[in-house]
Colleague: 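One structure, pasted below without further comment.
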Protein chains: 2
Amino acid sequence: MRLYQMQDSGNCYKPRLLAHLLGLKLELVDVDILKGESRTADFLAKNLNGRTPTLELDDGQFLAESDAMLFYLAQGTSFWPDDTLARAQVLQWMFFEQYSHEPYIAVARFWNVIAPECPPSMQSRFPEWHQKGYAALDVMEKHLNGKHYFVGDTYTIADIALYAYTHKAEDGDFDLGSYPNIRNWLARIAAHPKHITMEDRNI
Amino acid sequence: MRLYQMQDSGNCYKPRLLAHLLGLKLELVDVDILKGESRTADFLAKNLNGRTPTLELDDGQFLAESDAMLFYLAQGTSFWPDDTLARAQVLQWMFFEQYSHEPYIAVARFWNVIAPECPPSMQSRFPEWHQKGYAALDVMEKHLNGKHYFVGDTYTIADIALYAYTHKAEDGDFDLGSYPNIRNWLARIAAHPKHITMEDRNI
């Protein structure tokens, strides 16, 4: 399988991390979204929405959306639970991540460290991103109380989806000092013997 | 099952519509988010994120996120396909809806018709919502070319997720005049013999 990706994107890190945990090989093809490489006619033929990551399957079909890739790769593994309600809860946290978490925590990081020549219209949004991003962290902190992982107390793709940008939240000037449950959970994820970092390309 | 909901929310309409298509009964409990009813201690005990819809299962457990509810209710029915890649594609469109569609098309509608006393900071965002909302409609229009439904040419929960706010896009001053594939698809969904409208409470 081939992953069209940006190395420092949390969304692109998600399928890389899961693939490594599962011992799957992914060929990495770097796409520089800052240079418009995800908006060329060639790329839009792979993904109409012009986004990374985009996964090319071995039969030449394409899959978009990082969390749909996690679902696809996790089938038949312990990262996707057996129970129907647990599966729905995994998806609940993945939709939470894309709707209530990523648009604030990842976006603040993007304009802070990936594209720091932030236009004034974006700079004015940092207070809103921090308010809503901290609200998402509050939800996570409360939920993790007494738990090792987000669903069923085993490592699932819900954890991978939320780990991707939470462990880089400080890049967006979020302070995790008052979130001990989150910090313990982040350390637990990073301690997995087959863990790789966002910077790692050796998959 | 009991659905904590707002009648005119597209996200709350999703599980109502699927439940009716499947002949499932849902007890509706109205929660007025404009009056802060989703932020009370009592409600936060049901859903830490303080959002509608929230689904209470018959055993007293709760499930959040409209698209996770669609997944849960659709198990074992034709609205959730059998094939793994088709399932991933259904989820791809559901994540697309929550990330690239709802934050613009639903939010423009919200400030236009649900809470029209829109603060100036929100009013200034309509051009961005329209630009990004039309980009989402462009993706849908291209994808639907030659197709009856979003995945595998059968009616799935991807269609329900996208129908919920697309069929109300005009409430946010989106013009669907130049989107014939979308208009035909909307008409196809509404023509299902067990279809109910967003206004219908008789489920």
Side-chain angles (χ1 to χ4, degrees), chain A residues 11 39 44-45 47-51 54-55 57 59 61-76 80 83-103 106 121-122 124-125 127-128 135-136 138-145 158 161, chain B residues 11 39 44-45 47-51 54-55 57 59 61-76 80 83-103 106 121-122 124-125 127-128 135-136 138-145 158 161:
Chain A
N11 285 327
R39 301 290 168 164
L44 290 171
N47 180 344
L48 279 174
N49 201 26
R51 307 278 178 128
T54 295
L55 185 67
L57 307 179
D59 66 0
Q61 293 194 78
F62 294 95
L63 187 62
E65 299 293 334
S66 60
D67 289 339
M69 292 170 204
L70 291 182
F71 167 86
Y72 182 78
L73 297 173
Q75 296 306 297
W80 178 245
D83 176 67
T84 297
L85 179 58
R87 289 175 172 179
Q89 289 166 336
V90 166
L91 290 173
Q92 171 192 306
W93 285 108
M94 293 166 80
F95 283 110
F96 166 86
E97 188 263 337
Q98 285 287 284
Y99 193 85
S100 297
H101 181 289
E102 204 267 12
S121 62
M122 289 289 116
S124 69
R125 296 209 188 161
E128 179 192 342
D138 289 347
V139 168
M140 294 168 65
E141 180 71 11
K142 285 183 188 132
H143 177 74
L144 283 171
N145 204 29
Chain B
N11 285 327
R39 301 289 167 166
L44 291 170
N47 179 344
L48 279 173
N49 202 26
R51 307 278 178 128
T54 295
L55 185 66
L57 307 179
D59 66 359
Q61 293 195 78
F62 294 95
L63 188 63
E65 300 292 336
S66 59
D67 289 339
M69 292 170 205
L70 291 181
F71 168 85
Y72 182 78
L73 297 174
Q75 295 307 296
W80 178 245
D83 175 68
T84 296
L85 179 58
R87 289 176 173 180
Q89 290 166 335
V90 165
L91 289 173
Q92 170 191 308
W93 285 107
M94 292 166 81
F95 283 110
F96 166 86
E97 188 264 337
Q98 285 287 284
Y99 193 84
S100 298
H101 180 289
E102 204 268 12
S121 62
M122 289 289 116
S124 69
R125 296 209 187 159
E128 179 192 342
D138 289 347
V139 168
M140 293 169 65
E141 180 72 11
K142 285 183 187 131
H143 177 74
L144 283 171
N145 203 30

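A note on names: the letters A, B, ... follow the listed sequences, proteins ahead of strands, and every chain is numbered from 1.
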Colleague: Tell me which of these, His143(B), Glu65(B), Lys142(B), has more heavy-atom pairs under 4.5 Å with chain A than the rest.
Modeller: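 Option with the greatest count: Glu65(B).
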Colleague: Between Glu128(B) and Ser121(A), does the side-chain contact (heavy atoms from CB on, under 4.5 Å) criterion hold? Intermediate values first, please.
Modeller: CA-CA 11 Å; Glu128(B) 179 192 342; Ser121(A) 62; over 6 Å; no
Colleague: For Gln89(A) and Gln61(B), which heavy atoms make the closest approach, and how far apart are they?
Modeller: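 Nearest heavy atoms, Gln89(A) then Gln61(B): NE2-OE1, 4.1 Å.
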Colleague: Could you walk me through whether Asp138(B) and Leu48(A) satisfy the side-chain contact (heavy atoms from CB on, under 4.5 Å) test, starting with their C-alpha distance in whole Å, then the side-chain angles of each, then the deciding distance to 0.1 Å, before giving a yes or no?
Modeller: CA-CA 9 Å; Asp138(B) 289 347; Leu48(A) 279 174; over 6 Å; no
Colleague: With sequence neighbours left out, write down each residue that passes side-chain hydrogen bond (donor to acceptor under 3.5 Å, both in side chains) with Gln75(A), or none if nothing qualifies.
Modeller: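 Testing Gln75(A) for side-chain hydrogen bond (donor to acceptor under 3.5 Å, both in side chains), a comparison that skips the adjacent residues, returns none.
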Colleague: Do you know which two heavy atoms are closest between Ala68(B) and Ala88(A), and how far apart they sit?
Modeller: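 Shortest heavy-atom contact: CB-O, 3.5 Å.
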Colleague: Can you tell me which portion of Leu57(A) sits under 4.5 Å from chain B's heavy atoms? Options are side chain, backbone, both or neither.
Modeller: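 Answer is side chain: those atoms of Leu57(A) sit under 4.5 Å from chain B.
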Colleague: Return the option, out of Thr84(A), Leu44(A), Asp67(A), Leu70(A), with the maximum number of heavy-atom pairs under 4.5 Å with chain B.
Modeller: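 Looking at each option in turn, the highest pair count goes to Asp67(A).
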Colleague: By ring-ring contact (aromatic ring centres under 6.0 Å, His included), which residues pair with Phe96(B), not counting sequence neighbours?
Modeller: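 ring-ring contact (aromatic ring centres under 6.0 Å, His included) check on Phe96(B) returns Trp93(B).
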Colleague: Looking at Arg51(A), Gln98(A), Met94(A), which one has more heavy-atom pairs under 4.5 Å with chain B than the rest?
Modeller: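 Top count of heavy-atom pairs under 4.5 Å with chain B: Gln98(A).
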Colleague: If we check side chain to side chain contact (heavy atoms under 4.5 Å, CB included) with Gln92(A), which of these qualifies: Leu63(B), Asn47(B), Asn49(B)?
Modeller: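 Only one option passes, and that is Leu63(B).
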Colleague: Need one label for Arg87(B): side chain, backbone, both or neither, based on atoms under 4.5 Å from any heavy atom in chain A.
Modeller: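 Both the backbone and the side chain of Arg87(B) come within 4.5 Å of chain A.
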Colleague: Would you mind checking which part of Phe71(B) comes under 4.5 Å of any heavy atom in chain A, side chain (CB onward), backbone (N, CA, C, O), both or neither?
Modeller: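 Contact with chain A involves the side chain of Phe71(B) alone.
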Colleague: Given side-chain contact (heavy atoms from CB on, under 4.5 Å), test Glu102(A) with Tyr99(B) step by step and report yes or no.
Modeller: CA-CA 9 Å; Glu102(A) 204 267 12; Tyr99(B) 193 84; 2.6 Å; yes
Colleague: Contact part of Met69(B) toward chain A, heavy-atom cut-off under 4.5 Å: side chain, backbone, both or neither?
Modeller: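 For Met69(B), neither part sits under 4.5 Å from chain A.
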Colleague: So, taking the atom named CG in Leu91(B) and the one named CZ in Phe95(A), what distance separates them when rounded to the nearest 0.5 Å?
Modeller: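 It comes to 5.5 Å.
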